[in-house]
Number of protein chains: 2
Amino acid sequence: MSRPRPTLAAVAARAGVALSTASLVYSGSERVAPGTRERVLGAAAELGYGGPDPVARSLRSRRSGIVGAVVGERLMYAFRDPVAVLLLDGITEVLGPLGVGLLLLPGDRERSGPSVAQLSRVPLDAAVYATCGLEDDPALEHLRRRGVPVVAVEGPVADDLVLVGIEDRAGSAALAEHLRDLGHRRVAVVAMPLRLDGTRGPVDAARRSLVHYRDVRERLLGVEQVLGSVPAVEAAANAVEEGERAARALLDRPAATRPTAVVAQSDLLAAGVLRAAAALGLAVPGDLSVVGFDGVDLPWLAPAVLTTAVQPTQEKGRAAGRAAAALIEGRRPDDLVLPVELRVGTTTGPAPAAR
Amino acid sequence: MSRPRPTLAAVAARAGVALSTASLVYSGSERVAPGTRERVLGAAAELGYGGPDPVARSLRSRRSGIVGAVVGERLMYAFRDPVAVLLLDGITEVLGPLGVGLLLLPGDRERSGPSVAQLSRVPLDAAVYATCGLEDDPALEHLRRRGVPVVAVEGPVADDLVLVGIEDRAGSAALAEHLRDLGHRRVAVVAMPLRLDGTRGPVDAARRSLVHYRDVRERLLGVEQVLGSVPAVEAAANAVEEGERAARALLDRPAATRPTAVVAQSDLLAAGVLRAAAALGLAVPGDLSVVGFDGVDLPWLAPAVLTTAVQPTQEKGRAAGRAAAALIEGRRPDDLVLPVELRVGTTTGPAPAAR
DNA sequence: CTCGGCCGTCGAATCGATTCGATAGGTTGA
DNA sequence: TCAACCTATCGAATCGATTCGACGGCCGAG
């Protein structure tokens with residue numbers, strides 16, 4: 001057991017062939033005689049040889065078969081978000097059959113990016129900024145120097161990155177128009193975190209200027225483009241409880257000043273808003289209309305159907321996977337922006353008559 | 001851009017030192033003169049050298065800094081389970097600071113294990129069977145031949161694996177005792193999948209003998225050990241909807257033959273049972289008591305508090321991470337079984353009087 | 001003034017494979 | 001029968017670092 005693992009050289013020696021011939025057997029070359037092949041495979045079996053060492057193979061072929069997924073915060077938080085999970089699933093769906101594995105690169109408690117120390121020890125063919133991405137992330141600079149191509153999903157924008165995104169702004173605008181057409185005039189936004197520092201509460205101009213996430217900024221702009229400036233409350237995380245908390249701050253006041261509609265920047269936050277509304281005894285959509293964003297499956301919302309902008313999350317993941325695969329092969333794929341679709345559910349209705 | 005990346009040799013040449021000296025600089029050795037160090041670092045900066053190639057480094061050091069996480073099914077299913085997410089989070093919490101990355105090894109549609117083709121291309125220092133693990137998984141055999149040490153969390157049991165688990169049986173037995181003490185005599189089980197083949201429905205002896213998951217088997221045994229043989233319905237997946245579906249089959253019948261308590265093998269399934277009960281107009285715990293397992297945070301269950309066996313999921317993950325780290329260093333850690341704790345909530349009560 | 005020791009640097013072997021050009025042996029056509 | 005060709009196998013260079021033993025020069029001690 002503690003014996004050193006046999007190498008291909010040992011196998012070749014045992015089979016009585018040259019190292020290069022044995023290698024040919026494993027690389028599936030046609031140019032090796034059936035008898036020889038069997039002899040090599042036989043020797044390998046006898047020695048308990050488990051196949052060519054991936055590291056040595058990578059060294060020569062300049063390819064590790066590993067793509068890094070930068071998820072930006074602790075897994076337990078990142079994966080609470082169904083969008084992140086679906087996205088990763090789409091990526092692996094494409095990469096898996098190609099024999100490429102996905103390496104998780106979570107940030108730790110404090111920083112939002114992965115540690116450069118870890119990054120520099122891991123052989124990456126490409127990296128995907130999956131759920132996050134500060135535009136001044138030091139890890140990004142490191143990847144550049146290493147020559148690791150990067151796909152950014154809703155992430156940082158730069159010329160040397162391939163971008164896969166969705167119509168955040170248009171989708172948000174469509175939701176805002178829907179509310180405007182229903183007569184809503186007092187509309188508020190519950191925003192996803194503008195940056196990962198645990199801040200929550202009303203968003204003022206100063207805070208507003210600190211937005212680090214592209215999708216957050218775009219979704220905000222989409223609403224403002226239709227409704228003008230609207231009050232916004234930031235959630236400390238993209239999670240149901242945070243949505244509820246933010247919504248309470250917005251809704252726990254007399255009807256005359258209370259918003260008649262809330263635009264949550266994600267379905268998760270919208271679920272929280274619905275819970276807050278229920279807790280405060282507000283009827284949806286009678287007293288309050290609520291919209292989300294993403295179109296994720298929230299089974300426990302039933303029978304309510306959330307009005308939201310449905311994005312093709314899994315397809316976005318597949319696109320990111322395809323982009324990474326292309327980059328690995330040395331191609332440079334085009335940026336891609338996927339459409340979102342307005343889904344009108346049962347959580348929006350005409351604005352209550354002004355009193 | 002398309003220029004080949006500079007190598008350490010190029011940096012050394014530029015700095016006018018030997019390759020080995022340059023290497024010393026990057027390996028943080030004390031035995032290099034400050035002036036030399038600066039000259040090398042300066043040359044590296046000028047050339048845009050991003051640090052030593054991880055692959056080459058791994059080849060020599062026989063260490064890749066990568067641990068594989070076998071999650072057994074598609075990510076989108078695996079990560080719907082909060083237990084899986086928390087477990088992985090615990091693992092990365094330990095491994096991350098050690099500079100070790102976690103590589104996801106999902107199964108594909110059909111097989112439950114990762115493909116050997118993928119496995120054999122990836123440099124692994126160790127592997128963790130995280131949420132799954134067939135005892136006859138071909139991937140396991142492959143890892144053995146490759147000499148990759150394996151940590152099994154609730155997974156396959158074998159002498160050459162390090163096991164990290166919880167008191168599945170005792171926890172289940174405690175739940176069963178709780179129900180027995182409350183006077184329940186007609187108790188049914190909603191079981192997690194016995195194996196990953198999409199089967200759902202009543203579990204007969206034949207099916208029962210096919211159980212491939214240790215935790216499922218143990219939890220079943222725990223209940224039987226207290227209550228004797230009880231009817232069980234298998235869910236096709238560990239998910240809320242599947243729990244609901246299984247529970248409907250169990251509960252949609254006259255009160256005289258309906259179970260008065262349901263033991264769900266996970267909190268997710270228990271949530272489904274609660275939904276089924278609500279849909280059928282059954283009061284909990286008046287008409288029906290429900291228990292789960294895991295102790296995960298299900299915010300949308302509020303204000304109900306699920307009676308369940310709370311396992312230290314995250315600590316289990318940390319333990320698995322520590323075990324993997326130990327194995328990488330050549331140590332052989334002991335198996336570990338963590339305790340679970342009965343949490344009595346509001347979903348269990350005295351059995352309804354027999355009519 | 002000289003010798004032992006120490007510190008910083010260098011050479012060379014090594015990790016385990018891939019891959020291309022070369023070669024030996026056998027076949028085929030003229 | 002011999003040249004021309006194939007084909008299966010082999011040798012050797014290569015990927016990019018790490019690491020250990022050796023070496024040269026500078027210092028202090030005798």
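Computed from a predicted structure; not experimentally measured. Scope of the values below: all heavy atoms of this structure, side chains included, with no hydrogens, waters or symmetry mates. By convention in this document, chain letters (A, B, ...) are assigned in the order of the sequence lines, proteins followed by strands, and residues within each chain are numbered from 1.
- A/Arg121 places its CZ atom 14 Å from the P atom of D/dA17, with the value rounded to the nearest Å.
- The residues A/Arg322 and A/Glu315 are annotated as salt-bridged, a charged nitrogen and a carboxylate oxygen being separated by less than 4.0 angstrom.
- The nearest whole Å value for the distance from the CG atom in A/Leu59 to the P atom in D/dT14 is 14 Å.
- Between the P atom of C/dT9 and the CD atom of B/Glu30 lies a distance of 13 Å, rounded to the nearest Å.
- Taking atom CZ of B/Arg146 as the reference point, atom C1' of C/dG16 lies 13 Å away to the nearest angstrom.
- Among the nucleotides C/dG16, D/dT18, D/dC10, the one closest to any side-chain atom of A/Ala18 is D/dC10.
- Rounded to whole Å, the distance from CG on A/Leu24 to P on C/dC20 is 10 Å.
- For A/Arg57, a side-chain nitrogen or oxygen approaches OP1 or OP2 of C/dT18 to under 4.0 Å.
- Among the protein residues, B/Val55 comes within range of no part of the nucleic acid, since none of its heavy atoms lies under 4.0 Å from any strand.
- Contact annotation for B/Arg31: base contact, defined as any heavy-atom pair under 4.0 Å involving a base atom.
- At least one side-chain nitrogen or oxygen of A/Tyr49 sits closer than 4.0 Å to the OP1 or OP2 atom of C/dA17.
- Within 6.0 Å of OH in A/Tyr49 there are more than 12 heavy atoms belonging to other residues, nucleotides or ligands.
- A side chain to side chain contact (heavy atoms under 4.5 Å, CB included) with A/Leu124 is found for one member of A/Val67, A/Leu103, A/Val150 and no other, namely A/Leu103.
- Closest-nucleotide positions on DNA chain C for B/Arg60 and B/Ser20 were compared, and the one nearer the 5' end corresponds to B/Ser20.
- By the 4.5 Å heavy-atom criterion applied to side chains, A/Val85 and B/Tyr77 are not counted as neighbours.
- If you take CZ of A/Arg39 and C1' of D/dC10, they are 13 Å apart, rounded to a whole angstrom.
- Protein atom CG of B/Leu19 is 12 Å distant from nucleotide atom P of D/dG16, rounded to whole Å.
- Where B/Thr21 and A/Ser23 each meet DNA chain C at their nearest nucleotide, the meeting point lying more 5' is that of B/Thr21.
- Note on A/Leu8: only backbone sugar-phosphate atoms sit closer than 4.0 angstrom, heavy atoms only; bases stay farther off.
- Summarising the geometry, the separation between CZ on A/Arg63 and C1' on D/dG16 is reported as 18 Å, rounded to the nearest angstrom.
- Ion pairing between A/Asp89 and B/Arg80 fails under the 4.0 Å rule for side-chain N and carboxylate O.
- Counting any heavy atom pair closer than 4.0 Å across all strands shown, B/Thr7 reaches sugar-phosphate atoms only and no base atom.
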